[in-house]
Amino acid sequence: MARNLLKNPSGNEQLESWELTENGGNQWKVEDMPGDCGHDFCNEEVTKYFVTSFELCLKRQVIDLIEEGYSPEQLDAQPPVTVKDWFCGRTDCGCTYQMTSCLLDENQEVLQEYVHDPETLDPEADCSWRQVTHTFSDYGPGMRFISFEHGGCDTSYWEGWFGVRVTGSSVTVEV
């Protein structure tokens with residue numbers, strides 16, 4: 001089974017390893033499951049999540065695949081790359097979620113991109129944990145980096161941490 005290349009995917013080390021590309025409102029925060037007005041998660045090993053605030057919060061990691069031990073030959077064979085992310089909202093406040101992942105060449109130019117367009121979660125409907133998954137294929141030779149960015153905000157502009165919650169993110173390369 002392929003290993004998760006993201007560091008600190010569920011907040012066990014607070015915000016370590018993440019570049020905060022947008023840090024609006026009261027900024028990113030890590031909370032314990034299930035949190036206020038929260039939902040149980042399907043994996044008991046995941047005990048924390050990242051939560052956004054009332055202005056856009058995005059965080060990113062760029063994975064250097066050569067540094068992670070992959071050879072140029074392995075990468076040029078275009079192995080499947082799968083990105084996964086879990087997100088949910090609160091039962092008392094709506095939120096938006098977004099995610100973008102890119103396969104990058106040695107100059108960090110985009111070879112292929114996946115964008116999960118902003119999705120609004122309504123507290124009156126089902127805002128429990130859900131997973132987004134995408135597998136890249138047929139992207140051509142030259143992949144050397146993978147960028148993964150996700151986040152969102154709340155839809156009521158409430159001070160505090162009422163925005164989307166994210167956890168259990170993963171990036172894997174099947175070689």
Check step by step if side chain to side chain contact (heavy atoms under 4.5 Å, CB included) holds for Q78 and S137.
CA-CA 7 Å; Q78 303 174 57; S137 60; over 6 Å; no
If hydrophobic clusters are built from ILVMFWY residues whose side chains come within less than 4.5 Å, do L20 and L6 share one?
yes
For the backbone of P80 and the side chain of T135, can you confirm whether one donor and one acceptor N or O come within less than 3.5 Å of each other?
no
Working to the nearest 0.5 Å, report the span between OG of S128 and CZ of F87.
10.0 Å
Can you tell me if W18 uses its side chain to pair, donor with acceptor, with the backbone of N8 under 3.5 Å?
yes
State plainly whether one hydrophobic cluster holds both F136 and V132, where clusters connect Ile, Leu, Val, Met, Phe, Trp and Tyr through side-chain heavy atoms under 4.5 angstrom apart.
yes
Please check if the side chain of S53 supplies one atom and the backbone of G160 the other of a donor-acceptor pair under 3.5 Å.
yes
Evaluate whether atom CD of E44 has more than 12 neighbouring non-hydrogen atoms of other residues, nucleotides or ligands under 6.0 angstrom away.
no
Spell out, as yes or no, whether a donor-acceptor pair under 3.5 Å connects the side chain of D122 to the backbone of D126.
no
Are D32 and T47 side-chain neighbours, meaning at least one heavy-atom pair lies under 4.5 Å?
no
Quick one: OG on S170 to CG on N4, what's the gap to the nearest 0.5 Å?
5.0 Å
Of all heavy-atom pairs linking Y70 and R3, the shortest is CE1-NH2, 4.2 Å
Short side-chain to backbone donor-acceptor contact, E119 and Y97, under 3.5 Å
no
Can you find a side-chain donor-acceptor pair between S10 and T167 that sits under 3.5 Å?
yes
Verdict with reasoning, H150 to F148, per ring pair (Phe, Tyr, Trp, His ring centres under 6.0 Å)
CA-CA 7 Å; H150 65 173; F148 177 92; 5.0 Å; yes
Please say yes or no: joined through hydrophobic side-chain contacts below 4.5 Å, possibly via intermediate residues, are W86 and V30 part of one cluster?
no
Rounded to the nearest 0.5 Å, the CD atom of Q108 sits from the CG atom of L103 at a distance of 12.5 Å
Polar side chain donor-acceptor pair, E149 to S101, under 3.5 angstrom:
no
L104 side, atom CG; M143 side, atom CE - distance, nearest 0.5 Å
9.5 Å
Could you check if a side-chain atom of T96 sits within less than 4.5 angstrom of a side-chain atom of C153, using non-hydrogen atoms only?
yes
If we only count heavy atoms from C-beta on, is the V83 to T172 side-chain gap below 4.5 Å?
no
Would you mind checking if D76 and R144 are paired as a salt bridge, meaning a charged N to carboxylate O distance below 4.0 Å?
yes
List the steps, then state whether side chain to side chain contact (heavy atoms under 4.5 Å, CB included) holds for V51 with V164.
CA-CA 6 Å; V51 62; V164 72; over 6 Å; no
Evaluate whether atom NZ of K59 has more than 12 neighbouring non-hydrogen atoms of other residues, nucleotides or ligands under 6.0 angstrom away.
yes
Atom CG of D40 with >12 non-hydrogen neighbours under 6.0 angstrom:
no
Is a donor on one side and an acceptor on the other found under 3.5 Å between the side chain of S147 and the backbone of C102?
no
Donor-acceptor pair, side chain of E22 and main chain of L58, under 3.5 angstrom:
no
Look at the aromatic rings of H134 and Y114 and report parallel, tilted or perpendicular, splitting at 30° and 60°.
parallel
Nearest 0.5 angstrom please: I63 CD1 to I146 CD1, how far?
5.0 Å
Closest non-hydrogen contact found for D105 with F145 is O-CD1, 3.3 Å
Using the rule that Ile, Leu, Val, Met, Phe, Trp and Tyr join whenever any side-chain heavy atoms are under 4.5 Å apart, tell me whether L56 and F162 fall into a single cluster.
no
Gap separating the OH atom of Y49 from the CH2 atom of W129, nearest 0.5 angstrom
7.5 Å
Can T100 and R60 be said to form a side chain to side chain contact (heavy atoms under 4.5 Å, CB included), step by step?
CA-CA 9 Å; T100 302; R60 175 175 82 145; over 6 Å; no
Closest heavy-atom contact between C127 and R90?
SG-O, 3.1 Å
Does the pair E19/K7 count as a salt bridge with the N-to-O cut at 4.0 Å?
no
Does some side-chain heavy atom of Q131 sit less than 4.5 Å from a side-chain heavy atom of T133?
yes
Test item: C88 and H39 side chains (from C-beta on) under 4.5 Å apart, heavy atoms:
yes
When you measure from the side chain of E67 to the backbone of D64, do you find a donor-acceptor pair of N or O atoms at a distance under 3.5 Å?
no
Taking all non-hydrogen atoms of both residues into account, name the closest pair between W161 and E31 and its distance.
CB-OE2, 4.1 Å
Give the minimum heavy-atom separation between L75 and L65, together with the two atoms involved.
CD1-CB, 3.7 Å
Shared hydrophobic cluster, W28 / V62 (ILVMFWY, side-chain heavy atoms < 4.5 Å)
no
Quick one, V173 and Q74 - any side-chain contact, counting heavy atoms below 4.5 Å?
no
With side chain to side chain contact (heavy atoms under 4.5 Å, CB included) as the criterion, how do D85 and V166 come out once you've worked through the C-alpha distance, each side chain's angles and the decisive distance to 0.1 Å?
CA-CA 7 Å; D85 202 18; V166 293; 4.2 Å; yes
What pair of heavy atoms forms the shortest contact from F54 to E159, and how long is it?
CD2-CA, 3.6 Å
